[in-house]
Amino acid sequence: MVKQTIQIFARVKPTVRKQQQGIYSIDEDEKLTPSLEIILPRDLADGFVNNKRESYRFKFQRIFDQDAKQETIFENIAKPVAESVLAGYNGTIFAYGQTGSGKTFTITGGAERYSDRGIIPRTLSYIFEQLQKDSSKIYTTHISYLEIYNECGYDLLDPRHEASSLEDLPKVTVLEDPDQNIHLKNLSLHQATTEEEALNLLFLGDTNRMIAETPMNQASTRSHCIFTIHLSSKEPGSATVRHAKLHLVDLAGSERVAKTGVGGQLLTEAKYINLSLHYLEQVIIALSEKHRSHIPYRNSMMTSVLRDSLGGNCMTTMIATLSLEKRNIDESISTCRFAQRVALIKNEAILNEEIDPKLMIIRLQKEIQELKDELAIVTGEQRTEALTEAELLQLEKLITSFLEDQDPESKLEVGTDMRKIHHCFHYLKKLLNDKKIHRQSTAPSENKDQNCQEPLKEEEYKKLRDILQQRDNEINILVNMLKKEKKKAQDALHLSSVDRSQLSHGQSAPFPPGNLDGPKTLPLSAPTPALDSSTSPYRSSLLHRKTGMREEMSLGRQEAFEIFKRDHADSVTIEDNKQILKQRFAEAKALGESINEARSKIGCLKEEITQRHMQQVALGISENIPVPSVPDQLEEKLRSQLEEEKRRYKTMFARLKALKVEIEHLQLLMDKAKVKLQKEFEAWWAKEATSLQVNSLAVTPSNHMKPFPQMSEAQHERSQPLSNKSDVYARKILPSPGPLLHSQEQSSPGAPMEDRFPVSSPVHCGSKNGLQKKGSAPAAICGLLEATSDLDPSWEAVFL
Ligand code: ADP
Ligand code: MG
């Protein structure tokens, strides 16, 4: 790290008239710091500054008088900075002074003579010369050229533009990353491999600057130009890259507004014409004052861009250009005062080094290769990525003997070769997995074999005994239920002779009357329609899949469940919700149809309008009449129809969306009820089974049969015929959510979805159940279709 204050130099521009001599003097004692004394002419001392002083003295690193050559300026000011840039530090040289004081001359140079070349071309020349000389490093040079005018940045090197005004140039903006590093967006970086290429870029930029300048914007005096040389260097084979930037800055004219020092007014109070110079001054003041924590860099683009150059990671040099003529005394004093403040700023330049990941990889790869070679020498064998066939075979043999070895202490010794160790692990893993799969696939047959070959174990006897007991219980429960149903049927016969025939085959009778003899004759595998067709294979598989609760359910238990469900109090609610859902679905179906109609109508109308338009154009061409700009009556009518249809479409669409929400909600309610019903059944069933086990054969089955839960005595009494009951209780129980009763009486599982919810036009909505068709369809329909496709198929059945 190099700590250094900003170096300040003064350069006095040659005066045209000799009479200006005597205004200043330069004191360059070798032992002391050089100083510049500005002597106020008598006529100015009283009237203008009015502070009774006759001279001002300012100290500089060096003061270059009028006869100083460009070469001298470069050697003394720019060369040391260029050297530190070559060493990897950032550098900045900026020229500050009033318009016409020689800033551009100093930084860029004069246009006439080669010897008038300024700091930029000379620095470029010097840098490239050094790069060529130094073969110990690989250098890359890039150039950028930025102009800041009125707080806007412009890229002077954009090759795509032939700027006729500043606005034609690409605008550059300042971005700040979280680490407070400044990035210039849109500023192009151009690689320059030779001095010539770099000079071409300088001229391209200067030309752009000149062309873009108009008398109105006076860009050359009111703008700042920052020519930057970006230098990267690295030693061959090293992954460390050094980056350094050299900013060569030609600032805007520093002249101020108030020149008249009215009665005691100090010169420093006069305001800059250029606002960003005002902010630069504020930054300089803040930096030169001790204990100032906040430096207002962000106030202007220029201070943001030069942030590092001012009080940061940079070696910075200022050249105060002075035009020491009588009329410029005040400005010259201002410039010198500004320089004195700048001289107080301390910068800390550090080497900007970073590791290039790409180079790092290359280096590591090389290192690996070297290590491999070394290893090969030590072990006497060349090692490749993969193991040889022979090695693999040998390893497998080792593993097999290791696995077969009964000795628990046995070891698998493969040496220190990591490839072999890894291979052993992989091989063992594979063996383990294969064994697992084998076990899974052979498990049932093995069991079977066991059953045949080995005598049944005690545990299995117990298990089978339990199952037998369970089945006994089931049979008993069912017999009880059967008897009850029979009794109900007989009671009903007594109650109403009119309904006799209906009841004997009716929905409330679960089994045909002829099958009441006992469990053996129960038609378990072929239920009657009265038992609810949900016990059909299709139905039961759905139920099974959806709930997962009846996995272990025997057929007998399923039968009991169906009856339990039918007689459950919630069945009324379920029925009611089913009805609502049915209604909603019918409505959705109708809406779907209407929406499709509206869509095709919209399509037709659009087609008609286009046709009409074409006709008009054709007519115009054939009869040579200009095509009317406003639509004719017919087209007008078609358009209003189209609008009307669109409105209708939108309304229906909104309703369909709302319906979808409602349907989904209802479905959720029914799902919930379904789970509740099943849980209650399980509880009831368990209770029944326990009491049966306790009472065993001692009690007559018909006596211990309890009514289903949720059923009041009155309900219980009136529970026949159940099919008619729902109407009676519906009003009472609603609107509480009820369980879903899987009723398939009205359903037809094979019916395609389109028939139920028609989308007649081609649809493509990626629905999950294979309803994919090409074309377009309203999103809501697609959504609804998708939603319904997700539904439990039993739910769909509700709407059939
Ligand atoms: P600024 O950029 O500060 O406005 P310029 O660099 O454009 O000023 O200088 C104004 C004029 O003075 C130019 O014509 C330039 O050639 C001339 N000039 C400035 N400094 C010198 C110098 N040291 N020697 C010769 N001519 C100079
Ligand atoms: Mg200039």
Check your understanding: After noting the C-alpha distance and the side-chain angles of Tyr56 and Arg337, does the key distance pass the side chain to side chain contact (heavy atoms under 4.5 Å, CB included) rule?
Key -> CA-CA 10 Å; Tyr56 290 85; Arg337 278 183 171 161; 3.6 Å; yes
Point to revise | Ionic contact status for Asp417 with Arg419, cut-off 4.0 Å | key: yes
Exercise for review: State the CD1-CG distance between Ile226 and Leu251, to the nearest 0.5 angstrom.
Suggested key: 8.0 Å
Practice item. Would you confirm whether Asn352, through its side chain, and Arg242, through its main-chain N or O, come within 3.5 Å as a donor-acceptor pair? Key: no
Point to revise | Non-hydrogen side-chain atoms of Asn208 and Leu204 separated by less than 4.5 Å | key: yes
Check your understanding: Taking Glu255 for the side chain and Thr99 for the main chain, is one N or O donor matched with an acceptor at less than 3.5 Å?
Key -> yes
Review point. Does the side chain of Cys152 come within less than 4.5 Å of Met301's, by heavy atoms?
Key: no
Review point. Taking only residues at least two apart or on different chains, which pairs with a member in residues 280-334 satisfy ring pair (Phe, Tyr, Trp, His ring centres under 6.0 Å)?
Key: none
Check your understanding: Taking side chain as C-beta onward, heavy atoms only, is Leu40 less than 4.5 Å from Glu54?
Key -> no
Review point. Going from OG on Ser300 to CG on Leu280, what distance comes out if it is rounded to the nearest 0.5 angstrom?
Key: 7.5 Å
Check your understanding: Picking from Thr316, Thr92, Thr228, Asp308, what satisfies side-chain hydrogen bond (donor to acceptor under 3.5 Å, both in side chains) with His247?
Key -> Thr228
Check your understanding: Does Glu354 have any salt bridge (charged side-chain N to carboxylate O under 4.0 Å, His left out) partners at least two apart in sequence or in another chain, and if so, which?
Key -> none
Review point. Has the side chain of Glu37 got a donor or acceptor atom that lies under 3.5 Å from a matching backbone atom of Asp27?
Key: no
Review point. Hey, what do you get for OH (Tyr96) to OG (Ser101), rounding to the nearest 0.5 Å?
Key: 10.0 Å
**Study point:** Test item: Ile284 and Leu310 side chains (from C-beta on) under 4.5 Å apart, heavy atoms
**Key:** yes
**Study point:** Heavy-atom neighbours of Gln132 CD exceed 12 at 6.0 Å
**Key:** no
Check your understanding: Donor-acceptor pair, Arg122 side chain versus Arg117 backbone, under 3.5 Å?
Key -> yes
Check your understanding: Does the pair Lys69/Glu71 count as a salt bridge with the N-to-O cut at 4.0 Å?
Key -> no
Point to revise | Flag if over 12 foreign heavy atoms under 6.0 Å of NZ, Lys245 | key: no
Point to revise | With sequence neighbours excluded, residues passing ring-ring contact (aromatic ring centres under 6.0 Å, His included) with Tyr145 | key: Phe227
Check your understanding: Has the side chain of Ser55 got a donor or acceptor atom that lies under 3.5 Å from a matching backbone atom of Ile38?
Key -> no
Review point. Do any N or O atoms from the side chain of Ser238 and from the backbone of Lys234 form a donor-acceptor pair under 3.5 angstrom?
Key: no
Exercise for review: Report the distance from atom CD1 of Ile285 to atom CZ of Phe338, rounding to the nearest 0.5 Å.
Suggested key: 8.5 Å
Exercise for review: Please list all pairs passing the salt bridge (Lys or Arg N to Asp or Glu O under 4.0 Å) test where one or both residues lie in residues 131-147, with sequence neighbours left out.
Suggested key: Glu129-Lys133, Glu147-Arg209
Point to revise | Asn150: partners by side-chain contact (heavy atoms from CB on, under 4.5 Å), with sequence neighbours left out | key: none
Exercise for review: Using modelled atom types only, decide if a donor and an acceptor are shared between the side chain of Asn90 and the backbone of Asn313 within a distance under 3.5 Å.
Suggested key: yes
Exercise for review: Examine the side chains of Ser323 and Gln98 and answer whether a donor and an acceptor come within less than 3.5 Å of each other.
Suggested key: no
Review point. Hey, does the side chain of Asp250 reach the backbone of Cys225 with a donor-acceptor pair shorter than 3.5 angstrom?
Key: no
Point to revise | Residues, nucleotides or ligands: over 12 heavy atoms within 6.0 Å of His183 NE2 | key: yes
Review point. Has the side chain of Asp158 got a donor or acceptor atom that lies under 3.5 Å from a matching backbone atom of Leu169?
Key: no
Which atom pairs, one a donor and one an acceptor, fall under 3.5 Å between side chains of residues 188-196 and the rest of the protein, sequence neighbours left out?
from	atom 1	to	atom 2	distance (Å)
Ser188	OG	Asp155	OD1	3.4
Ser188	OG	Asp155	OD2	2.5
Ser188	OG	His190	NE2	2.8
His190	NE2	Leu157	O	3.1
Thr193	OG1	Glu197	OE1	3.0
Thr193	OG1	Glu197	OE2	3.0
Thr194	OG1	Glu197	N	3.2
Glu195	OE2	Ser125	OG	3.4

**Study point:** Side-chain donor/acceptor of Lys103 to backbone N/O of Gly97, under 3.5 Å
**Key:** yes
Point to revise | Ile229 and Thr141, any side-chain heavy atoms less than 4.5 Å apart | key: yes
Exercise for review: Would you give the length of the straight line joining atom CG of Leu324 to atom CD1 of Ile329, rounded to the nearest 0.5 angstrom?
Suggested key: 6.0 Å
